[in-house]
Number of protein chains: 2
Amino acid sequence: MREDRLASPTLEDVARAAGVSRATVSRVINGIRNVDPEIQETVRQAVAAVGYVPNRAARSLVTGKTGSIALVVSGAGQFFARVFTDPFFGRVVTGISGHLRPLGVHLVLMLAEAADARAQVVDYLRQGHVDGAILVSTHAEDPLPAQLVELGPPVVLFARPAQPIRISYVDVAHSAGARLAADHLIGLGRERVATISGPLDVPASLERLSGFREAMARHGHAFVPSVEGNFTQESGERAMERLLAEHPDIDGLFAGNDLMAQGALIVAQSHGRRIPEDIAVVGFDDSSAALACRPPLTTVRHPVEDMSAEMARLLLAHIQEPGRRVTSVIFEPDLVVRQSA
Amino acid sequence: MREDRLASPTLEDVARAAGVSRATVSRVINGIRNVDPEIQETVRQAVAAVGYVPNRAARSLVTGKTGSIALVVSGAGQFFARVFTDPFFGRVVTGISGHLRPLGVHLVLMLAEAADARAQVVDYLRQGHVDGAILVSTHAEDPLPAQLVELGPPVVLFARPAQPIRISYVDVAHSAGARLAADHLIGLGRERVATISGPLDVPASLERLSGFREAMARHGHAFVPSVEGNFTQESGERAMERLLAEHPDIDGLFAGNDLMAQGALIVAQSHGRRIPEDIAVVGFDDSSAALACRPPLTTVRHPVEDMSAEMARLLLAHIQEPGRRVTSVIFEPDLVVRQSA
DNA sequence: CTGAAAGCGCTAACAA
DNA sequence: TTGTTAGCGCTTTCAG
């Protein structure tokens, strides 16, 4: 005989069904202790019976919290484009969603490629439409991280900021990854190993390069030829041309990312080098490029899902405990061995 | 002398500043006509002066609308993974965001890879936490499109549904794209052209195949050898091996997507064929694979951004006008000529 | 441990 | 054309 099947049930409906007050229902729903266990049970059954689901808007209105966080992808140009080109972005979303879903927290996606979009993001956060933000910035000069930090809301960054700012972030141990690559190449018996690095104003590139050099030095290789690229396949091709011209006898290569490794591999093959027999190639990132290469690329893989879940966890912690001091969490990468090395 | 700089200003504050009632301010903010132009101006200035921004939660509570829509990426397995692997997803998001941003509508991202996540999406929509959904389904057997249609909220789909259901969708003219490829190959003087199709239970694959055959027939080529793949690079490789074995003299190839084209190209090269001199290769999608190929792939490009913006437009129309009949909007693809053909 | 009641900020009848 | 007023559904003091 219920005629209100359409309008979704409210707290009031549950209260009536359970024979208690709205306040009590609210308490058990929000897990507040001071409720008689028996009544708790009654309420829970009533909730299930009427199919009650809290109304987010009403809750937000009174608590001032929204129950959602923003994933902001910020930056510009090719780097921005590549965030979407790689499985990377999907892995980030997967990791975050996996952590958020059981908690009932929602993810609002915002792109901030240009200045106007960036301003919108700032406004959006300022207006408190989300409780915090996870920021994936693809550009060393991106002003957004600093802007958000100044603004004050809880923010967590993917990767160490290019400029030192007070912000929590999650990153991978780049130098450890580079060391994995070096050890693998050495284990393969390679004697004349070179490297193609990413842009040296990006902290990650620098750490990969110095980590690689250090590990090679530890194996007695004092000199490692290196050429700087810019993370694109084309730059990898150019770098390999140069490497091959200056050091025609190299038998191992570590590239700062997979795209450059792919470019290098193609150039090496076009110069008649067999991969991995003549030159063993190791990349970094385990992107789609690594799988597209022939032979497929041996590469260093970030635990992106874990890192992303950690960002979500960290952000939620910052939201719950506003004064919390900023933290960094560093993850260890793995070596994925395929056929190129 | 204001002491309330922290708490964000409310309608009340604006009303006080403008010397009018809350209702009037609300009217000008919501663009309701019946307001004296002069008062409108005063209100607008007051809004700017106090830095007012509407509180979404409060508004939602009373209107029952949320001002946000969901982008649901649904499906499973490799196809799901590939949505994120391609620039495709980024282009979709870019297209949607571009349309939504000026309208102040927000995008909530939901992944529905497994059954439990799918149930969550259904719940989420049922609870009315978003006003509607754009659904990108990557899997012919995905039950979500039908589930959502049955549920009733406004939904727009990317690509024609595998099963005929009453749902608005946006798609590309696959056969027209295939014809572009055929005409290009013929224009290049190719005489023995083959094709690698996608899985034939996917409408898009079928249309590409039949569109290609039809166009070739129009050029007098009654017979076009074809092998069925499954959209993966590996299947492209296998298909090409077979094609080369059965028809060693082919001089042109149209693949149902870039990934298969990439696989085919690599196999052809390993069999000593030069691309494009010996075999001209045309792909479909203009994905990252197209650029990664050496030589880069000539391919058919969807106007994904435009299509996505149209999905947003359509969805908003369905939200505004609940009874609206379902529509499909079909876009024309382009041929991107690179070096492979 | 539980209930009554006061709003959170906004829109939308309804009056004026 | 404008103002008054009654809630939207929820959390949260404050009493009991």
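Numbered from 1 within each chain, the chains take letters A, B, ... in sequence-line order.
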Out of D/dG3, D/dT12, D/dC10, which has the shortest distance to the side chain of A/Ala58?
-> D/dC10

Separation of B/Arg59 atom CZ from D/dC10 atom P, in whole Å?
-> 21 Å

More 5' along DNA chain D: B/Leu61 or B/Ser21, using each one's nearest nucleotide?
-> B/Ser21

So, does the side chain of B/Arg27 form a donor-acceptor pair with the base of D/dG3 at under 3.5 Å?
-> yes

Length of the CG-C1' vector between A/Asn55 and D/dG9, whole Å | 6 Å

Taking only side-chain nitrogens and oxygens of A/Thr10, does any of them come within less than 4.0 Å of OP1 or OP2 of D/dG9?
-> no

Between NZ of B/Lys65 and P of D/dC8 the distance, given in whole Å, is 18 Å

Looking just at side-chain N and O atoms, do A/His302 and A/Arg91 make a donor-acceptor pair shorter than 3.5 Å?
-> no

Would you please confirm or rule out a distance under 4.0 Å between OP1 or OP2 of C/dT11 and any side-chain N or O of B/Ser26?
-> yes

Distance col, row A/Leu135:CG vs A/Phe158:CZ, nearest 0.5 angstrom, shows 11.5 Å

Using whole Å, report how far OH of A/Tyr52 lies from P of D/dG9.
-> 10 Å

Does OP1 or OP2 of D/dT11 have a side-chain N or O of A/Asn30 closer than 4.0 Å?
-> yes

When you get a sec, tell me which of D/dT11, D/dG3, C/dT11 is the closest nucleotide to the side chain of A/Leu11?
-> D/dT11

Between A/His106 and B/His129, what is the ring plane arrangement, given parallel below 30°, perpendicular above 60°, and tilted in between?
-> perpendicular

Rounded distance (Å) that lies between atom C1' of C/dC8 and atom CZ of A/Arg56 = 17 Å

Most 5' of A/Arg22 and A/Pro37 on DNA chain C, judged by nearest nucleotide = A/Pro37

Within the side chain of A/Arg101, is there an N or O that forms a donor-acceptor pair under 3.5 Å with the backbone of B/Gln120?
-> no

Would you say a side-chain N or O of A/Thr24 is under 4.0 Å from OP1 or OP2 of C/dG3?
-> yes

Would you say the side chain of B/Arg16 lies within less than 4.5 Å of the side chain of B/Asp13, judging by non-hydrogen atoms?
-> yes

5′-ward residue of the pair A/Glu12/B/Val20 relative to DNA chain D | B/Val20

